[in-house]
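Here, residue 1 is the first one in the sequence, and each next residue gets the next number.
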Amino acid sequence: MARKKKQKITVKLDLPKDDTTLTKLYAILFVSIFLGLCTATVWVTNSGFIPTQNGEPMFTNLYCGITAKDADGNPNGDAFNTNIKPDYAANQSCAILQDAPDRVVWEGEEWKSFTKQGKNFDVPGVSSDQTGGINVMQPLWANCSVDADTPTDYIVAIRSQDGDIWDYEGTTDTDNNPDNDGCEIIIGDIPADDRYEFVIFSKEEGKRLSKATFDVTVHYYDGIPSNMNNASFWLGPEVELGPKSMRPFIFLNFFGLTFFFLLYPASYYWERVENAKNEVEEKFPDFLRDLAEYWKGGLSMTVAIQTLATSEYGALNDEVKKMSDQLSWGIKFSDVIKQFADRVGTPLVQRAIALIAEADRAGGKISDILVTAANDSRELKFLEGERKRAIGSYIAVIWTSYFVFLGVIVTLAVVFIPAIAGSNSSGEEGGDSGGQTIGNMTIRNIDPLFFLTVFYYGVTMQAVGNGTMAGLMSTGRFSTGFKHSGMMIVVSLFVFNLLAFTPNLIGVTEVPGLNPSTGTFVPSPIFPG
């Protein structure tokens, strides 16, 4: 006789759990406030609002005062704790203030069919007066390729005005042997601010060189720390994003990030919580209506809810299923719906559930109460939707006005301010401060970064104000407003970094070129014509 297989009984215990919504909110608030205070500290210590004895940003004085070490590895932080501006040697002892070289290249030249050819060029650099007598090594590399119809001896040379010569002697090869076709000159340290000559000529009388191509590269130092501008403001490292060069760690960005971290993360999370509650409320009137219909059909509340658990109520599905499970365990209907109201926690649901619970306790005609509660909830949701639709146009106007304001400010920063700065930068007639004099009116020289700073602060505060007002008009909650503010701040950060934080506006010195002469080489006693 076969043994009868025992049936396994499965009981789903969906016991009430602690609500972690507020715990998560407090954790997000703690992290966002911490990040906001950190970014605020970086901004304040670099903004110039806190004066220092030596005129340098407090940020670099504090960091370099702790970490700076000289060439022998000894602490050199005292150089940043005096009332004297740190010199070149002091900056070089701090990791974030070291002078990094820029590559200055002369390329694209192609000389054809010649016996002697050359051009003059400049070598920029920082003078020893700017570095406190320290000689900054500037290497030069010259690569070339010389061809001729027949094997021909040639010379490639660089000559200074002082008579120093660096040359390369080679022979062209018609067999395209790469060992003979290429030439190279390397100068470990080429002095700056001198006029140099670059020449290529044939050593064999009557033989011409058919073609020569070359490039010259110099590592150029300007004496300004790589993370700073020429007015000692913190710009941070340069980041290359394809063809665009950006300074994402400029001190101005930390001003916007301060408000972003303080306002956006917690408000974004709380808006998700409110949206989840709103989705539950959207289906709640349908649930009450169906519950009333089942009650009118003669079903008890317990059976009605267990039947409705298989229906589709969107975000309310889990809650209806949970009520059905609780009723199957024998929990009283009044306790089940009270726990449901506590879990959802919205005034609309709690008010409707209170009516239903009271009607169930009193033993009245509960179907009429359900229908009334359903109609009341549906009317309230309809009014909320009407409010959103009516206010939506005003929200669009607020966003549009912000974009217009942002566009005007960026246009002023990118076009108007550089034009004014360039028009009077060369004049000194206006007094000690420099500037241009037009009649009896003096236009003083302006600092583009000062206006850019004011513009960016204005745009950020406009984002905070406009966003807050948009949220209050939309839902009446500050969290919605702070969410709008955070998004506007992100837009301003993106636009300013992409368009406004350009080298000429943030005070980065323009890298000079080698400035090769346009004419042909002028013969000299050392390189005769």
Side-chain angles (χ1 to χ4, degrees), residues 39 43 46-49 228-231 233-236 238-260 263-264 393-427 430 433-436 438 441-470 481 483-511:
T39 53
W43 167 70
N46 282 287
S47 62
F49 287 112
M228 312 286 283
N229 67 4
N230 52 6
F233 279 105
W234 177 258
L235 300 180
E238 185 178 12
V239 177
E240 299 285 347
L241 295 178
K244 183 67 177 177
S245 175
M246 304 179 69
R247 298 273 185 168
F249 298 101
I250 184 173
F251 74 97
L252 291 176
N253 280 343
F254 289 93
F255 179 77
L257 290 175
T258 296
F259 287 95
F260 175 80
L263 299 179
Y264 187 75
S393 58
Y394 294 98
I395 305 302
V397 168
I398 290 176
W399 271 92
T400 302
S401 65
Y402 176 73
F403 279 122
V404 171
F405 178 74
L406 179 62
V408 171
I409 290 298
V410 171
T411 302
L412 287 175
V414 175
V415 178
F416 186 66
I417 297 303
I420 295 179
S423 66
N424 60 13
S425 60
S426 60
S433 61
Q436 276 191 340
I438 303 177
M441 180 178 65
T442 299
I443 303 177
R444 295 183 179 273
N445 286 337
I446 65 172
D447 178 14
L449 181 59
F450 170 77
F451 286 92
L452 185 65
T453 301
V454 174
F455 289 163
Y456 181 70
Y457 290 164
V459 167
T460 302
M461 299 314 298
Q462 183 84 356
V464 174
N466 279 18
T468 302
M469 183 58 64
K483 182 181 176 182
H484 279 278
S485 297
M487 291 187 291
M488 289 182 178
I489 289 172
V490 170
V491 171
S492 65
L493 281 168
F494 176 78
V495 172
F496 267 80
N497 279 275
L498 187 66
L499 300 176
F501 292 156
T502 55
N504 62 317
L505 289 179
I506 62 178
V508 177
T509 55
E510 184 178 356
V511 178

Ring pair (Phe, Tyr, Trp, His ring centres under 6.0 Å), paired with Phe251, selected from Trp234, Phe49, Phe233
Phe233
CG of Leu493 to CG of Leu252: how many Å apart, nearest 0.5 Å?
10.0 Å
d(Lys483 NZ, Thr468 OG1) to nearest 0.5 Å is 14.0 Å
For a quick test of reading the model, state the closest non-hydrogen atom pair linking Pro418 to Leu505 and the distance between them.
CG-CD2, 3.5 Å
I need the Leu241 CG to Asn497 CG distance, nearest 0.5 Å.
10.0 Å
Side chains of Phe501 and Asn253: does their closest heavy-atom pair fall under 4.5 Å?
yes
Rounded to the nearest 0.5 Å, how far does CD1 of Ile417 lie from CZ of Phe455?
4.5 Å
Heavy-atom nearest pair, Ser485 first then Ala463, reads OG-O, 3.3 Å
Please work out whether the ring planes of Trp399 and Phe403 are parallel, tilted or perpendicular, with thresholds of 30° and 60°.
tilted
Neighbour count above 12 (heavy atom, 6.0 Å) for Met246 CE
yes
Distance col, row Ile250:CD1 vs Ile506:CD1, nearest 0.5 angstrom, shows 4.5 Å
Quick check for you: to the nearest 0.5 Å, what is the distance between Ile489 atom CD1 and His484 atom NE2?
13.0 Å
Closest approach of Tyr457 and Ser47, non-hydrogen atoms and distance?
OH-CB, 4.1 Å
If we only count heavy atoms from C-beta on, is the Ser492 to Tyr402 side-chain gap below 4.5 Å?
yes
Under the side-chain contact (heavy atoms from CB on, under 4.5 Å) criterion, do Ile409 and Gln462 qualify, and how do the steps go?
CA-CA 12 Å; Ile409 290 298; Gln462 183 84 356; over 6 Å; no
Is it the case that over 12 heavy atoms from other parts of the model lie below 6.0 angstrom from the CZ atom of Phe405?
yes
List in chain and number order the residues that pass ring-ring contact (aromatic ring centres under 6.0 Å, His included) with Phe259, two or more places apart in sequence or in another chain; answer none if no residue qualifies.
Phe255
Where Asn466 and Ser401 come nearest, the two heavy atoms and their spacing
ND2-OG, 3.8 Å
At their closest point, which heavy atom of Leu499 faces which heavy atom of Val414, and how far apart are they?
O-CG2, 3.5 Å
If I compare all heavy atoms of Met488 with all of Gly467, which pair ends up nearest, and what's the gap?
SD-N, 3.7 Å
Take atom CD in Glu510; do more than 12 heavy atoms of anything else shown fall under 6.0 Å from it?
no
Tyr456 and Phe496 aromatic ring geometry - parallel, tilted or perpendicular at 30°/60° bounds
perpendicular
Count the heavy atoms of every other residue, nucleotide or ligand shown that sit under 6.0 Å from OH of Tyr394, and state whether that count exceeds 12.
no
